[in-house]
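To start, the structure itself, in structure tokens.
Remember, it's a predicted structure, so these values are computed and weren't measured experimentally. Letters A, B, ... mirror the listed sequences (proteins, then strands); counts begin at 1.
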Amino acid sequence: MPAEPDGLPSGAIASETAPGGEPGYARVVVDSRLPQLDRLFEYRVPPGMTGVEPGVRVRVPLRGDRMTAGWVVETADARAWEGEVADVEKVVSPVPVLQPEVWALARAVADRAAGGAADVLRVAIPGRQARVEKQWLARERSPLPALPALAESEAVLPRLVEDRRRVAIECAGGVAEVVDLSDAIDSGATNRTAWVGRWAIALAAIARQAVERGEQAIMVVPDHRDQRQLRIALSAAIGSERVVELDARQKNPERYRGFLRCIDGDPVAIIGPRSAVYAPAANLGLLAIWEDGDPLLSEPLAPWVHARDAALVRQSQSGCALVLAGHARSSDAERLVELGFLEHERLGAHRVRVLPSALTDDSRRVPAVAFRAAKEALATQPVLVQVARPGHAPGLRCGDCGVRARCTSCAGPLGRSARGAVPSCRLCGRLAAAWRCQSCHGTTLTEVGRGSTRIAEELGRAFPGVPVMVADGEHERLTVDAKPRLVVATRGAEPIADGGYGAVLLLDGDALLSREGLRVAEEAVRQWATARALAADGATVVLTGAGGTTVTAITGDTTVPFAKAELAERRSLRFPPAVRTASVVGHPDAVAEAIEVLGVLEHLDVLGPVPAPADVVKGSREGELERAIARFAYADGARVAGIARGRVLAAAARPRKPGAPPRLRIRLDDPEPFDGL
DNA sequence: AGCACGCCGACT
DNA sequence: GTCGGCGTGCTC
């Protein structure tokens with residue numbers, strides 16, 4: 001058996017209460033951000049109070065009569081705490097929203113990330129909706145209808161769930177038509193069809209393996225666009241009654257309704273964004289992460305855990321099957337493959353041809369080969385044009401002296417959102433109506449670069465009579481029909497075309513690769529692979545402005561060698577994911593102390609400390625704080641997290657001015673410091 | 001966090 | 001004598 005990716009501590013919920021009768025004491029995790037309060041507190045269950053059970057929400061006094069929200073983790077007849085014990089004030093709701101598995105997961109994830117369990121629970125458990133809860137408590141459990149007939153295309157990765165396999169899947173692209181039953185209940189419509197990525201159909205077939213065994217499947221997707229495709233594919237594969245959505249975009253009641261359905265324990269597929277990895281599934285057969293390389297899977301709240309890491313912890317606790325899938329292999333997944341922890345799998349085959357094309361000169365924005373491919377395809381099919389930036393002109397310069405035009409209030413770059421529009425700041429959005437150059441006082445502006453709308457205009461002129469559509473953050477489009485048209489989309493905003501695109505033009509490869517950052521090349525390959533996957537079988541994909549290993553990653557039929565090369569390079573440089581990192585930010589004294597204590601570990605090195613950028617910790621002044629980065633081996637993860645937690649705890653006890661930033665903040669595996677490398 | 005407890009310098 | 005400074009400790 002291969003080694004675990006790293007050491008993972010565990011926790012457990014228990015009930016020491018004799019069956020029948022009310023427990024005497026409850027041990028509660030309180031909903032607090034303070035590291036000092038990240039442990040269980042014992043309370044007495046006052047005589048006459050009922051419903052104090054593991055998992056329920058309670059209100060408890062903490063420090064005098066101030067009330068705090070919390071969750072009961074365990075109950076007991078005998079007290080374990082020697083000191084004074086206060087009474088549980090009330091049971092907020094009878095629903096056991098904190099399932100034992102989720103408590104163990106939150107505890108282990110928090111320990112691994114050197115954070116608080118309550119911070120994880122805040123992500124894991126949605127806010128209570130009293131009305132929804134009432135409906136749920138009064139529900140009638142009706143048996144689920146029989147599974148739909150098995151489609152022949154579903155014969156993929158046999159016994160994945162049954163054998164509890166752990167696999168990294170590289171999915172080839174392409175789209176396919178499925179019967180869309182996903183909202184038939186709402187619309188009453190029947191026999192509608194929708195086009196979804198073949199990846200969604202493959203994942204749905206895998207989820208079916210779990211459901212057939214009477215188990216639950218959790219499938220985490222980066223955004224609602226992927227979630228929609230997966231919902232449609234799952235509805236066809238297992239029936240819409242077995243699809244539970246946990247979408248942060250949903251209204252709160254909807255979200256809570258989905259959450260409660262998980263608790264029922266029915267064999268369903270649970271789909272949702274990064275927080276869905278914590279869904280209260282008690283009989284989990286499968287945990288899948290789609291596009292595990294997508295930065296959206298990184299939780300932007302303390303303790304900043306990536307859904308992939310939470311999934312690894314959860315898999316080790318539950319022993320379920322594990323899938324990390326994507327159109328491109330992430331360097332993180334590749335590390336786990338090379339470690340022997342994940343099997344390598346590949347689904348489908350590319351049915352497109354990819355042509356690299358150098359940028360010959362900037363005035364000919366669309367290279368001849370791309371132009372030809374588009375023209376040919378537009379006879380019968382839509383064509384996708386992927387661009388790097390939205391709007392008209394992403395940058396502006398002074399027409400007289402050439403200095404970059406900047407916002408007068410925040411110094412962000414000025415751009416133009418539409419032809420002839422008033423320049424506006426791309427950071428804060430402020431309009432710069434009467435712009436005047438700071439250095440030469442000139443008033444004319446020249447445009448730098450091309451955004452989606454400008455490229456759309458230019459292509460519209462180049463292909464007269466062809467409709468042009470823009471899809472970006474402002475103009476959201478999920479789908480387009482099969483009619484010939486040009487679809488200009490920013491990366492990540494590409495609509496799915498019925499039948500697939502006849503050609504895909506990946507413009508702006510240079511702009512994508514010119515940024516600095518550890519993951520720039522990997523992220524570019526991922527975004528190209530995502531767009532390539534939207535092409536119809538037999539289509540031509542043209543990649544412009546890229547060079548080196550990124551080109552062969554996308555012209556070949558697998559991205560695995562690219563991921564291997566990326567990982568090998570990171571190993572030689574000691575960069576993540578070859579190593580783990582601890583970003584230590586705070587008062588110079590506290591940072592120095594933390595580094596000193598961490599320094600006892602053998603395979604740990606420290607970069608810095610250097611003055612921290614002011615925006616790293618909000619509320620801090622420039623130069624006030626320092627930052628150091630410690631790099632360490634996965635095997636030392638538990639020890640580093642323990643030390644980090646100890647230092648943060650010690651620093652929290654030190655007095656500081658009200659409103660001042662924390663004296664010490666330690667983030668494990670923070671990607672931010674490496675963005676600029 | 002936020003508050004009480006406690007031990008040293010200037011005050012009516 | 002005692003009022004109040006904020007370093008230290010604690011929250012069941």
Test log, rule side chain to side chain contact (heavy atoms under 4.5 Å, CB included), inputs Glu522(A) and Asp332(A): CA-CA 11 Å; Glu522(A) 185 177 346; Asp332(A) 309 78; 4.3 Å; yes
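The aromatic rings of Phe41(A) and Tyr43(A) are tilted relative to each other, their planes meeting at an angle between 30° and 60°.
Set against dA1(B), dC10(C), dC12(C), the side chain of Arg63(A) has dC10(C) as its closest nucleotide. Of the listed nucleotides (dC3(B), dC12(C), dA1(B)), dA1(B) has the atom at the smallest distance from the side chain of Leu34(A).
Taking atom CG on Leu649(A) and atom P on dT11(C), their separation rounds to 13 Å, with Å as the unit. Across the protein-nucleic acid pair, Arg66(A) atom CZ and dA4(B) atom C1' stand 11 Å apart, rounded to whole Å. Rounding to whole angstrom units, CZ of residue Phe41(A) and P of dC10(C) are separated by 12 Å. In this structure, Gln36(A) places its CD atom 13 Å from P of dG9(C), rounding to the nearest Å. The nearest whole Å value for the distance from the CG atom in Leu37(A) to the P atom in dA1(B) is 10 Å. In this entry the distance linking CZ of Arg665(A) with C1' of dA1(B) reads 19 Å, nearest Å. Rounded to whole angstrom, the span from the CG atom of Asp65(A) across to the C1' atom of dC12(C) amounts to 15 Å. Distance, Leu62(A) CG to dG2(B) P: 13 Å, rounded to whole Å.
Contact annotation for Glu84(A): backbone-only contact, meaning every heavy-atom pair under 4.0 Å involves sugar-phosphate atoms and none involves a base. Note on Arg33(A): nothing from the nucleic acid sits closer than 4.0 angstrom, heavy atoms only.
With respect to Asp247(A) and Arg255(A), no salt bridge is recorded, no charged nitrogen being found less than 4.0 Å from a carboxylate O.
Among residues at least two apart or in separate chains, salt bridge (charged side-chain N to carboxylate O under 4.0 Å, His left out) pairs with a member in residues 583-604 of chain A are Glu593(A)-Arg647(A).
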